[in-house]
Amino acid sequence: MQSRIQVIRGDITTMQVDVIVNAANSSLMGGGGVDGAIHRAAGPALLEACKVVRQQQGECAPGHAVITLAGNLPAKAVIHTVGPIWRGGEHNEARLLEDAYRNSLQLARDNDFHSIAFPAISTGIYGYPKAAAAEIAFHAVSDYITRRPQPEQIYFVCYDEENAGLYERLLTQQGDEPVA
Ligand code: ADP
């Protein structure tokens, strides 16, 4: 049986899925890295939608997630979640990173989405060590989906080689585990 989790090397803005996840910052006003790439590909409608969310509910705290339209992207919607900034590991970073994945999955479920694509949240500008972040991401998602049929398909989209290698290894390890 094919895993519900797949690892893709490439650019998340090209993903033809129900919803892609943006590693946003709390302002929701765009930024560098994957956030910038998503806003560029989506066009100005995305920033307008983010401004509406900001007006309605203020900033998005680390670990939380909000949803908007997707403008010109092939996806139907964008979930904006805010990962933690790495500050040495003693500032609740692991918990906040796990929350970012779990709350994004929950929003996808609430919107009846079947497929979702994640970037490696916090592993760029926010400086989270990639191996530790990959473990958290993979286990948060695996744990969430074992008890829920939706979303059916989860893609980890890795833009850099290091993340791709880490996620591919985690997926292989999972495949090797005996089925309970
Ligand atoms: P953060 O501020 O959460 O660290 P970044 O955007 O700086 O967010 O980086 C998060 C991850 O997104 C990094 O691993 C980076 O390689 C990756 N990334 C950058 N551009 C893209 C893209 N177009 N598609 C998928 N991942 C991307």
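Counting starts at 1 for both ligands and their atoms, in listed order. Heavy atoms only: backbone and side chains are in, while hydrogens, waters and symmetry mates are out.
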- Linking I/L/V/M/F/W/Y whenever any side-chain heavy atoms sit under 4.5 Å apart, do L170 and Y101 land together? yes
- Do the side chains of Y126 and W86 join up, straight or via other hydrophobic residues, at under 4.5 Å, putting them in one cluster? no
- Item | Atom CD of Q16: over 12 foreign heavy atoms under 6.0 Å | no
What's the shortest distance from [atom] to any protein heavy atom, and which residue and atom give it?
atom	value
atom 3 (O) of ligand 1	S122 N, 2.9 Å
atom 18 (N) of ligand 1	Y159 CB, 3.6 Å
atom 13 (C) of ligand 1	T123 OG1, 3.4 Å
atom 15 (C) of ligand 1	D160 OD1, 4.1 Å
atom 7 (O) of ligand 1	I125 N, 2.8 Å
atom 11 (C) of ligand 1	A120 O, 3.3 Å

- Query: Applying a strict 4.0 Å limit to heavy atoms, is G83 in contact with ligand 1?
  - Reply: no
- Find the distance between NE2 (H80) and CG (N22) and round it off to the nearest 0.5 Å. 6.0 Å
In terms of atom number and element, which parts of ligand 1 are under 4.0 angstrom from non-hydrogen atoms of [X]?
X	answer
N163	14 (O)
D11	22 (C), 23 (N), 24 (N)
A37	23 (N)
A23	3 (O), 8 (O)

Between [X] and ligand 1, does any nitrogen or oxygen pair lie at a separation below 3.5 Å?
X	result
I12	yes
V34	yes
T13	no

- Give a yes or no on whether a salt bridge exists between K51 and E48, defined as a side-chain N under 4.0 angstrom from a carboxylate O. yes
- Message: Ignoring hydrogens, what is the shortest heavy-atom contact between V21 and I38? Give both atom names and the distance.
- Response: O-CD1, 3.9 Å
- Query: Which heavy-atom pair separates N111 from I67 by the least distance, and what is that distance?
  - Reply: ND2-CD1, 3.6 Å
- Query: Under 3.5 Å, is there a donor-acceptor pair between the D112 and Q150 side chains?
  - Reply: yes
- Item | Exercise: do R109 and Y144 side chains pair donor with acceptor under 3.5 Å | yes
